[in-house]
Protein chains: 2
Amino acid sequence: MRKNSNIEDVAKLAGVSISTVSRVVNKSSTVRASNRICVEQAVKKLKFKPNLIAKALVKGKSNTIALVMPRYEGIFYSYYALEIIRGIGTICESLKIDLLLHITHPNTNLNLSNVGGIIFAEVLSERKQLEEAVALNIPTVAINNLIKDLAVSCVTINNKQGAREAVDYLLDLGHRDIAYISGGNLTQAAKDRTQGYKLALAARKIPLRGEFMIEGDYSRKSARDAAEKLLSLKNKPTAIFVASDDMAQEAISVILEKGLRVPDDMSIVGFDDNPSSIYGAVPLTTIRQPLMVMAQTAVKELDLLMNGEGKISRICLPTKLIIRDSCLPR
Amino acid sequence: MRKNSNIEDVAKLAGVSISTVSRVVNKSSTVRASNRICVEQAVKKLKFKPNLIAKALVKGKSNTIALVMPRYEGIFYSYYALEIIRGIGTICESLKIDLLLHITHPNTNLNLSNVGGIIFAEVLSERKQLEEAVALNIPTVAINNLIKDLAVSCVTINNKQGAREAVDYLLDLGHRDIAYISGGNLTQAAKDRTQGYKLALAARKIPLRGEFMIEGDYSRKSARDAAEKLLSLKNKPTAIFVASDDMAQEAISVILEKGLRVPDDMSIVGFDDNPSSIYGAVPLTTIRQPLMVMAQTAVKELDLLMNGEGKISRICLPTKLIIRDSCLPR
DNA sequence: CTTATTTTGTCTAAAAAGGCAGAATGTCCT
DNA sequence: AGGACATTCTGCCTTTTTAGACAAAATAAG
């Protein structure tokens with residue numbers, strides 16, 4: 001078991017003190033050129049890499065952030081959650097931040113003592129972990145949840161407004177019987193979208209119909225069941241707003257299987273702008289949310305907090321209605 | 001900024017030495033009952049949690065493992081990759097192992113110096129990271145790649161055999177014109193499945209047809225394109241083996257959209273046993289791979305290696321043909 | 001009271017960073 | 001050129017937190 005070389009080995013080989021090596025490696029203050037070259041050569045020769053554990057111990061903080069995600073299937077497998085993981089993962093790699101992944105039940109205790117910051121990808125109704133992080137004074141960012149009562153930075157989109165835009169679009173096309181397949185009520189985002197749907201109808205004084213509002217959970221299965229339920233109604237809707245593109249695609253499949261046409265017989269609007277929505281059987285009209293930007297913003301805000309340079313911020317990024325081929329005027 | 005209490009604070013409050021506190025916390029040797037109680041109370045009162053960074057430094061190894069995944073979209077969003085992440089994440093949580101996630105380009109340098117072990121979820125053809133891990137003597141487990149030339153434990157399924165079973169099933173049903181939608185050639189698993197397809201046909205002396213073998217990349221889009229290509233052939237196949245359930249579901253959608261029936265006009269076999277395959281338009285016949293068991297096994301093997309108790313092992317878990325409704329005899 | 005056993009505390013090690021003092025070099029003036 | 005002073009470098013030592021070897025103290029047994 002070959003031991004990694006440490007800073008002392010480098011110092012000996014270069015004929016300087018440990019401090020000087022540290023200074024060269026961390027570019028912290030000026031070192032005479034000749035010494036710097038010596039040290040750099042020694043570093044290269046010994047393949048020296050600073051021990052991040054020791055570094056973290058001395059500095060009193062680590063360069064590690066934790067990403068906390070709920071483990072529920074529907075949510076975890078949504079394009080949204082995955083793109084957030086992938087986005088944050090990619091950005092952390094380029095910023096040389098270590099990313100600890102906690103896929104967890106929301107009221108489990110996390111061991112947060114060796115983490116420099118935390119991103120909550122979804123804060124569910126049990127906020128125990130979030131509150132604990134704040135109590136421990138760990139810089140924290142929440143994605144897609146506006147947390148007003150805690151010292152937590154938030155990166156959100158306006159889900160309510162986005163949903164409303166989707167439904168308004170259908171209304172403007174003349175639809176009045178607009179159904180809704182929701183993302184459940186575990187996440188704030190899902191709840192906000194439901195709110196947006198209700199508000200849009202209310203603004204035009206269209207009464208809500210219970211049989212038009214079906215609860216999904218972001219899984220394809222739930223969307224299939226929901227779509228079948230809607231299609232079996234005596235008074236079918238003429239349009240459906242679906243809380244995610246994945247679910248919208250599944251709904252379209254169901255409709256096509258029943259021999260109906262999209263958008264001729266049924267208009268559909270999704271939410272996400274999942275890249276595969278461009279290519280499916282019917283290119284999907286949807287609400288785009290800038291997931292990569294959200295991930296990037298979250299990591300950047302957290303980085304600022306961790307370096308003591310930032311303060312709690314609430315950032316709301318814009319959504320956009322993307323019109324493709326899944327809607328037709330009524 | 002309240003500082004976390006450290007072991008010294010506990011020692012003072014309990015009126016004992018640091019060592020005694022350490023002994024109580026780590027249950028390492030006998031401590032007089034009265035003292036143990038004192039210490040336990042002090043721990044509770046001060047909410048003492050051992051600083052894992054210091055612990056890792058002293059012990060010379062951390063309780064952290066890294067999960068390395070390629071960032072390519074098709075692979076990353078496959079049910080397979082996700083279930084592996086979720087499985088490993090869940091198991092690490094219950095074993096109190098910290099999970100570092102590296103979503104990375106396969107020839108990027110990883111900083112592995114503060115990691116106790118590594119799991120490679122997919123080893124692509126560039127094996128740089130894998131070789132580096134081995135060179136640094138870091139315990140390593142590869143999932144779904146049989147690495148014979150390096151000291152790496154492997155947890156695999158027999159992809160070749162599984163694929164062969166799928167195609168044999170179609171052959172036994174009387175099909176002779178069997179097409180294949182692959183998962184590309186970035187992963188060993190995908191390549192092995194292609195091998196299995198070829199072997200099954202070769203065993204029955206059925207010549208391979210180039211136009212029947214279409215390369216996908218685990219994305220739904222690629223499956224849609226592939227299915228459309230197959231359906232536009234003059235001599236259509238009577239059955240398709242698809243390298244993942246996600247892609248198989250998309251292929252079924254395409255077939256139904258064209259007004260053909262599954263399984264009446266086209267038999268389909270998938271690979272994965274993705275839970276949503278039970279519920280789609282046509283419950284899917286598929287090859288089940290035990291993803292949760294794979295994840296668990298990988299973590300357990302790694303844990304053994306990290307504790308010096310295990311040795312390099314090659315574990316192959318069984319697949320199983322699950323017959324549902326997407327195939328009919330020819 | 002001696003020997004054996006249990007329990008406890010002291011001290012060092014682990015790796016790197018940074019304050020501080022001192023060494024080396026440079027600048028300026030006479 | 002030589003001395004006074006400033007500036008730039010450098011090394012020593014301490015700090016961070018915990019684990020564990022070892023020796024010392026306390027207790028138990030005979």
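Heavy atoms only: backbone and side chains are in, while hydrogens, waters and symmetry mates are out. The chains referred to below are lettered A, B, ... by the order of the sequence lines, with proteins before strands, and numbering in each begins at 1.
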Check the pair L302(B), I119(B) against side-chain contact (heavy atoms from CB on, under 4.5 Å), reporting the backbone distance first and the verdict last. CA-CA 8 Å; L302(B) 189 57; I119(B) 296 177; 3.6 Å; yes
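- For the pair F48(A) CZ and dA17(C) P, the computed distance is 7 Å after rounding to whole Å.
- Relative to the side chain of N35(B), the nucleotides dT16(D), dT7(C), dA17(C) differ in distance, and dT7(C) lies closest.
- Contact annotation for V31(B): backbone-only contact, meaning every heavy-atom pair under 4.0 Å involves sugar-phosphate atoms and none involves a base.
- Salt bridge status for E132(A) with K49(B): present, with a side-chain N to carboxylate O gap under 4.0 Å.
- In this structure, of dG11(D), dA19(D), dA16(C), it is dG11(D) that holds the atom nearest to the side chain of V16(A).
- Distance, N26(B) CG to dT18(D) P: 10 Å, rounded to whole Å.
- No side-chain heavy atom of T156(B) sits less than 4.5 Å from a side-chain heavy atom of I315(B).
- Of the candidate nucleotides dA19(D), dA17(C), dA14(C), dA14(C) has the atom nearest to the side chain of L57(B).
- Contact between the side-chain N/O atoms of N6(A) and the OP1/OP2 oxygens of dA15(C) is found at a separation under 4.0 Å.
- Side-chain proximity of T30(A) to dT17(D), dA16(C), dC9(D): nearest is dC9(D).
- Atom CD1 in I53(A) sits about 14 Å away from atom P in dA17(C), given to the nearest Å.
- Donor-acceptor pairing under 3.5 Å is lacking for the side chains of Q289(A) and Y80(A).
- Direction of the helix axis in the helix from dC1(C)-dG30(D) to dT30(C)-dA1(D) shifts by 40° between the two five-pair termini, rounded to 10°.
- Nucleotide dT14(D) holds its C1' atom 13 Å from the CD1 atom of I18(A), rounded to whole Å.
- Summarising the local packing, NZ of K191(A) is surrounded by more than 12 heavy atoms from other residues, nucleotides or ligands at distances under 6.0 Å.
- Within the 4.0 Å cut-off from OP1 or OP2 of dA17(C), at least one side-chain nitrogen or oxygen of K55(A) is found.
- Note: NZ (K12(A)) to P (dG11(D)) measures 14 Å, nearest angstrom.
- Nearest nucleotide to the T20(B) side chain, out of dG9(C), dT18(D), dA16(C): dG9(C).
- Rounded to an integer number of Å, the gap from L52(A) CG to dT17(D) C1' is 17 Å.
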Reading nucleotides 19-25 of chain C from the 5' end, what letters show protein touch, with B for base, S for backbone sugar-phosphate only, - for no heavy atom under 4.0 Å? -------
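- Between the NZ atom of K49(A) and the P atom of dA16(C) there is a distance of 13 Å, rounded to whole Å.
- Comparing atom distances between the V58(A) side chain and each of dT10(C), dA17(C), dA14(C) picks out dA17(C) as nearest.
- Side-chain contact check for T104(A) and E93(B): at least one donor-acceptor pair (N or O, by modelled atom type) lies under 3.5 Å.
- Separating the CD atom of E8(B) from the C1' atom of dC11(C) is a distance of 14 Å, rounded to the nearest angstrom.
- For S17(A), taking side-chain heavy atoms from C-beta onward, the closest of the listed nucleotides dG11(D), dA16(C), dT16(D) is dG11(D).
- With V10(A) as reference, V21(A) is the one residue of V21(A), V16(A), V25(A) to meet the side chain to side chain contact (heavy atoms under 4.5 Å, CB included) rule.
- A salt bridge links R127(A) with D149(A): at least one charged nitrogen is closer than 4.0 Å to a carboxylate oxygen.
- A side-chain donor from one of N144(A) and N159(A) sits under 3.5 Å from a side-chain acceptor of the other.
- Looking at T108(A) and Q129(A), their side chains never bring a donor and an acceptor atom within 3.5 Å of each other.
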